[in-house]
Number of protein chains: 4
Amino acid sequence: MCPKIVDKKLKRQQLVKAAVGVFSERGFKGTSMEEVSLRAGIGKGTIYEYFGSKEDLFYACFDWFMKMTIDQAAEALKECTGSEEKLRTAARVWTEVVIRYIDFCPIPLEVWAMASTGSDNERFSTSLKEMYASFRTSIEEMLREGQASGEFRRDMDVTAIAIMLVSAFDGVLLQSLFDRSIHISSYMNSFLDVLVRGMKPDLRKG
Amino acid sequence: MCPKIVDKKLKRQQLVKAAVGVFSERGFKGTSMEEVSLRAGIGKGTIYEYFGSKEDLFYACFDWFMKMTIDQAAEALKECTGSEEKLRTAARVWTEVVIRYIDFCPIPLEVWAMASTGSDNERFSTSLKEMYASFRTSIEEMLREGQASGEFRRDMDVTAIAIMLVSAFDGVLLQSLFDRSIHISSYMNSFLDVLVRGMKPDLRKG
Amino acid sequence: MCPKIVDKKLKRQQLVKAAVGVFSERGFKGTSMEEVSLRAGIGKGTIYEYFGSKEDLFYACFDWFMKMTIDQAAEALKECTGSEEKLRTAARVWTEVVIRYIDFCPIPLEVWAMASTGSDNERFSTSLKEMYASFRTSIEEMLREGQASGEFRRDMDVTAIAIMLVSAFDGVLLQSLFDRSIHISSYMNSFLDVLVRGMKPDLRKG
Amino acid sequence: MCPKIVDKKLKRQQLVKAAVGVFSERGFKGTSMEEVSLRAGIGKGTIYEYFGSKEDLFYACFDWFMKMTIDQAAEALKECTGSEEKLRTAARVWTEVVIRYIDFCPIPLEVWAMASTGSDNERFSTSLKEMYASFRTSIEEMLREGQASGEFRRDMDVTAIAIMLVSAFDGVLLQSLFDRSIHISSYMNSFLDVLVRGMKPDLRKG
DNA sequence: GATGAATGAGCATTCATTCAT
DNA sequence: CATGAATGAATGCTCATTCAT
C-alpha cells in the first residue's frame with residue numbers, strides 16, 4: 001500500500017559503520033551476521049537487503065577505510081606546493097589516520113590476509129593492487145617533481161623510494177597495532193628527516 | 001615390548017611442512033584439518049597425536065617461519081663487521097627469505113590479522129610483540145654501533161630509524177605478496193643507498 | 001515488521017516430547033542431535049534455537065518428567081485427608097506414572113547414572129538431591145500427621161520409613177523397567193498392607 | 001623363543017580393578033580405554049589381549065560387583081537359621097556392601113541405564129533380570145520358610161514383599177550415592193523393625 | 001605377549017543464507 | 001520493506017579398535 005520510505009544510502013552507511021566495528025573486533029571469520037545486525041539495531045535478514053553477502057559487507061567496510069584515507073590525503077595535499085612538503089604531508093595524514101582509526105586498522109590487515117590466501121578473493125587482491133599502484137604513483141610523482149625542481153637528487157631510484165615508502169607506511173600501521181604505546185608521528189618525522197637528507201642534492205658541489 | 005618406533009620429531013616437522021602449505025593457500029579459517037591430513041598423507045586423527053588443536057598446529061607453522069628467518073639472519077650476520085654492512089646484510093637476508101618463501105608469507109599475514117583482532121589469541125600477539133621488539137633492538141644496536149664508530153651521524157633518532165626500518169621490511173613482504181613482479185632486492189638496495197646517505201655524517205664539515 | 005510468528009513455548013514442548021522419546025530409546029550418549037531433529041521433523045540447527053546444548057535439551061526432558069510426576073501427585077493428594085490415605089495415594093500415583101510412562105523411565109535412570117559419575121553434571125545431582133529431599137519430607141509429614149492423629153505408632157523412626165519408602169518407589173521403577181510383566185500396583189498395595197499394619201499402634205493395649 | 005609367562009587370570013583381575021575405578025568415576029561413555037590402560041599401568045593395546053571390547057571390559061566390572069555381593073551374602077547367610085534373621089542378615093550384608101563399595105556403586109547405575117536403553121545391550125538386561133529374579137526368589141524362600149515355621153503371617157503376599165524389598169535395597173543404593181550423609185544401616189534396621197512387625201502373626205488371637 | 005602409533009567413523013555445534021509472513 | 005525462524009552444510013575433535021613391530 002504505502003511502502004515505507006527509507007533512505008537506503010543512509011541506512012547502508014550506518015550498517016557499514018556497525019560492521020566496521022564488529023569486523024575490527026572479531027575479524028572476518030569471527031564476525032557473525034547476527035552480531036552485526038544486533039550492533040546495527042536491525043534484523044538479521046535486513047542486512048541482505050543492502051548487501052548480497054557477508055563478503056560484500058566486508059568489502060564495503062574496507063572500501064570505506066580506503067576512501068576515507070584517500071579523501072583525507074587529497075584534501076591535505078591540495079594546499080601543498082613543494083615536493084618535500086607533499087611527502088611530509090602524505091606521511092602526516094597517514095599517521096593521523098592510523099592514530100585516529102587505530103581501532104579499525106584490523107580491517108586492512110584482514111584484507112591483506114584474505115588477499116594473500118585463497119584464489120577466490122580476487123576482488124580484494126585486485127583492489128589492493130590498484131590502491132598500492134596508485135599510492136606508489138603518487139609518491140613517485142612527488143619525487144619526480146622534486147627532481148625536476150632541484151629539490152631532490154636526480155640519481156636516485158624514484159620507484160624504489162616510492163615502493164619502500166609505501167612499505168614503511170604499511171609497516172607503521174602494523175607496528176602501531178601491536179604496540180599501541182609507540183608514538184609513530186614523531187618517529188615518522190625523524191625518519192623522514194634522515195631520508196630526505198639522503199635525497200637532497202649534494203651541497204658540496206653547489 | 002616392541003612398539004612401533006617412530007621419529008616423532010621428524011614426523012612433526014613433516015606435518016608442519018604440509019600444514020604450512022595448506023595454511024598459506026587457504027588461510028587459517030579456510031583450512032580444514034582434513035585437508036592438512038590429506039596433504040600430509042596421514043589420517044585426520046593422527047594430527048592430534050602431534051598437535052593438540054588446529055591453533056597449536058598453526059602456531060607451530062608460524063614458529064617455523066619465525067625461527068627459520070631468525071636463523072638465516074643470525075648465520076649471515078656472524079661474519080659482518082661494519083655497521084652499514086650489518087644493516088645491508090639484514091636487509092638482504094630478509095629479502096631473500098621473502099623471495100624464497102614467498103608462498104608461505106601468507107602465514108605471517110594471518111598471524112598479524114589474528115593478533116590484531118580478538119583478545120583470545122594472546123599467544124600470537126605476545127609472540128609478535130616479542131619478535132618485533134627483538135628485531136628493533138638488533139637494528140638499534142647496529143645503528144648505535146655505527147654512531148660510535150663514526151660511520152653514522154650522532155644526531156639522528158636511532159629508535160625512529162629502527163622502527164621505520166622494521167616497518168619497511170614488513171611492508172616489503174606485503175608488496176611482494178600483492179605484486180609478485182616487484183623485484184624487491186634491487187629496490188631495497190636503492191632505498192638503503194639513499195637512507196644510508198642520509199645517515200652518514202656531514203662531509204661538508206670535514 | 002512482520003516476522004514469522006511462532007509459539008516458541010509450544011514448539012519447545014514438542015521438541016522436548018520428541019527428545020524424550022529418543023533419549024529413552026538410546027540413552028544420552030547414544031542419542032544424536034540429528035536423530036532428535038529427524039524425530040521432531042525439524043532441521044538439526046533448529047534445536048539450537050530452543051536449547052543451548054544437548055545437555056540442556058536432556059535436562060529439559062528430565063525436568064518434564066519430574067514436573068509431570070510432581071503435578072500428578074499434588075493433584076491427587078489435594079483431596080486426601082487421612083494419613084494412610086495420603087500414603088497410599090502417593091504410592092498409587094507413583095505406580096500409575098511408572099506404568100503410564102514406562103517407556104520414558106530410562107530418562108531418570110540416565111540422570112541417576114550421570115549424577116553419580118563425573119563432577120561436571122552438577123546440575124543433575126543438585127536437582128536430584130533437591131527432589132529426593134522434598135519427597136522424603138512430604139512422606140515424613142504424612143507419617144508425623146498420622147502419629148499426631150493416632151493413626152500410626154509413635155515409637156517408629158519416621159525418617160527411616162520415609163527414606164526407605166522413597167527407596168522402594170525408586171526400586172519399583174527399576175524392577176518395572178527390567179521386567180515389564182510385573183504388576184507393580186497390586187504388589188505395591190500388598191506391601192503397603194503389611195507395612196501399614198506394622199505402623200499401626202498396638203491394639204492389644206486398647 | 002621364550003614367550004613371557006604371564007598369569008593371565010591375575011592380570012585380568014588387576015585390569016578389572018583399574019577399570020572399576022575409572023568407570024565409577026567417569027561413567028561408561030566418559031571412560032576412555034586409554035585412561036584405563038594408564039590406570040592399570042599397561043599399554044592401550046594390551047587391554048584387548050584380555051577383553052574383546054570396551055563393553056566386555058565393563059561387563060566384567062559389573063560381573064565383579066555382582067559376584068562380590070553374592071559371595072558376601074552367601075557367606076553371611078550360611079550361618080543363619082531363623083527367617084527373620086536371614087532377612088536381616090541379607091539387609092545387613094547389602095548395606096555393608098553399599099557402604100564399603102560406595103565409590104563403585106555408579107557401576108550398577110550405569111548398567112541400569114544401559115540395560116534400560118538400547119536394544120543392543122541384551123547381555124546387560126538379561127544379566128540384570130536373572131540377578132533380580134534370583135534375589136527375589138531367595139527373599140521369597142526366606143519369607144515362605146518363616147510362614148511355614150509360624151514366624152510370619154500366612155496371609156501376606158510373599159511375592160509382593162520380596163519384590164518390594166529388592167526394590168527398597170536398590171533404592172537404598174541410590175539414596176546413598178546421592179546423599180552420602182545418610183546412615184543407611186540404622187534406617188534399614190528401623191524400617192525392618194516396622195515391616196517385620198507387620199509380617200508377624202496377629203498376637204491378639206494367640 | 002605387549003605396545004602405542006595410526007586410523008576414520010561419528011558427532012555436537014556454528015552460522016551464512018533463505019523466505020514466509 | 002523488514003524480520004527472525006529455519007536450515008543443513010561444514011568442521012574440529014574424540015576415541016575404540018587395529019596391527020606392524
Side-chain angles (χ1 to χ4, degrees), chain A residues 1-6 8 11 29-38 42-57, chain B residues 1-8 11 29-37 40-57, chain C residues 1-8 11 29-37 40-57, chain D residues 1-6 8 11 29-38 42-57:
Chain A
M1 282 285 183
C2 167
K4 203 179 292 181
I5 287 155
V6 171
K8 281 218 144 199
K11 198 152 183 184
K29 290 274 188 175
T31 294
S32 74
M33 294 301 263
E34 181 146 32
E35 182 154 7
V36 173
S37 77
L38 252 39
I42 62 173
K44 201 183 348 171
T46 311
I47 301 181
Y48 289 86
E49 296 287 325
Y50 296 87
F51 298 94
S53 69
K54 188 184 179 184
E55 212 194 81
D56 280 359
L57 175 59
Chain B
M1 286 297 153
C2 332
K4 207 180 293 184
I5 286 156
V6 172
D7 187 341
K8 282 217 148 201
K11 194 150 186 185
K29 293 271 190 176
T31 294
S32 74
M33 293 302 262
E34 183 149 32
E35 183 154 7
V36 174
S37 76
I42 60 173
K44 201 186 348 169
T46 311
I47 300 180
Y48 290 88
E49 296 282 326
Y50 297 86
F51 298 94
S53 69
K54 189 184 179 185
E55 211 196 83
D56 279 359
L57 176 60
Chain C
M1 287 293 155
C2 329
K4 206 180 293 184
I5 285 157
V6 171
D7 187 340
K8 282 217 147 200
K11 195 149 185 186
K29 292 271 190 174
T31 295
S32 74
M33 294 301 262
E34 181 147 34
E35 182 153 7
V36 173
S37 77
I42 61 174
K44 201 182 351 167
T46 311
I47 300 180
Y48 290 86
E49 296 283 325
Y50 296 87
F51 298 94
S53 68
K54 189 184 179 185
E55 210 196 85
D56 279 0
L57 176 60
Chain D
M1 284 289 179
C2 166
K4 203 179 293 183
I5 287 154
V6 172
K8 281 217 142 200
K11 198 153 183 183
K29 291 274 187 176
T31 294
S32 73
M33 294 301 262
E34 181 145 33
E35 183 154 6
V36 173
S37 77
L38 252 38
I42 61 172
K44 202 186 345 173
T46 312
I47 301 181
Y48 289 85
E49 296 286 325
Y50 297 87
F51 298 94
S53 69
K54 188 185 180 184
E55 212 194 83
D56 281 359
L57 176 60

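Numbered from 1 within each chain, the chains take letters A, B, ... in sequence-line order.
Atom OH in Tyr50(A) sits roughly 9 Å away from atom C1' in dA2(F) (whole-Å rounding). Atoms CG (Asp56(D)) and C1' (dA16(F)) sit 13 Å apart, rounded to a whole Å. In this entry the distance linking CE of Met33(C) with C1' of dT11(F) reads 17 Å, nearest Å. Regarding Glu35(C), its CD atom lies at a distance of 9 Å from the P atom of dC11(E), rounded to whole Å. If you take CZ of Phe51(B) and P of dA5(E), they are 15 Å apart, rounded to a whole angstrom. Regarding Asp7(B), its CG atom lies at a distance of 12 Å from the P atom of dA5(E), rounded to whole Å. Residue Ile47(B) contributes atom CD1, which lies 12 Å from atom P of dG8(E) at whole-angstrom precision. As rounded to whole Å, 14 Å separates atom P of dA10(F) from atom CD of Glu34(C).
Contact check, Thr46(C) against dT7(F): a side-chain N or O comes under 4.0 Å of OP1 or OP2. Of the side-chain N and O atoms in Lys54(B), none sit less than 4.0 angstrom from OP1 or OP2 of dT11(F). At the phosphate of dT3(F), neither OP1 nor OP2 sits under 4.0 Å from any side-chain N or O atom of Tyr48(A). A close approach under 4.0 Å does not occur between any side-chain nitrogen or oxygen of Lys29(A) and OP1 or OP2 of dC15(E).
Each of Glu55(C) and Gly41(B) was matched to the nucleotide of DNA chain E holding its nearest heavy atom; the match closer to the 5' end belongs to Gly41(B). Comparing Ser32(B) and Glu49(C) against DNA chain F, the residue whose closest nucleotide sits nearer the 5' end is Glu49(C).
In this structure, the side chain of Lys29(B) does not engage the main chain of Gly30(A) through any donor-acceptor pair within 3.5 Å.
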Based on Watson-Crick and G-U pairs with both distances under 3.5 Å, what dot-bracket line describes DNA chain E 5' to 3', crossing pairs as [ ] and inter-strand pairs as |? .||||||||||||||||||||

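Within 3.5 Å, a donor on the side chain of Lys44(B) pairs with an acceptor on the base of dG10(E), or the reverse.
Between Glu34(D) atom CD and Lys44(D) atom NZ the span is 4.5 Å, to the nearest 0.5 Å. With rounding to the nearest 0.5 angstrom, the OH atom of Tyr50(B) is 5.0 Å from the NZ atom of Lys8(B). The CZ atom of Phe51(D) sits 5.5 Å away from the CG atom of Leu57(D) when rounded to the nearest 0.5 Å.
Across all non-hydrogen atoms, the minimal contact from Lys54(A) to Thr31(A) is NZ-O, 2.7 Å.
Nucleic acid contact class of Ser37(B) (heavy atoms, under 4.0 Å, all strands): none.
Checking dA5(F), dA2(E), dT17(F) against the side-chain heavy atoms of Lys11(D) singles out dA2(E) as nearest. If you check dA16(F), dT3(F), dA16(E) against the side chain of Ile42(A), the one that comes closest is dT3(F).
Residues passing the side chain to side chain donor-acceptor pair (under 3.5 Å) test with Glu49(B): none are found, sequence neighbours excluded.
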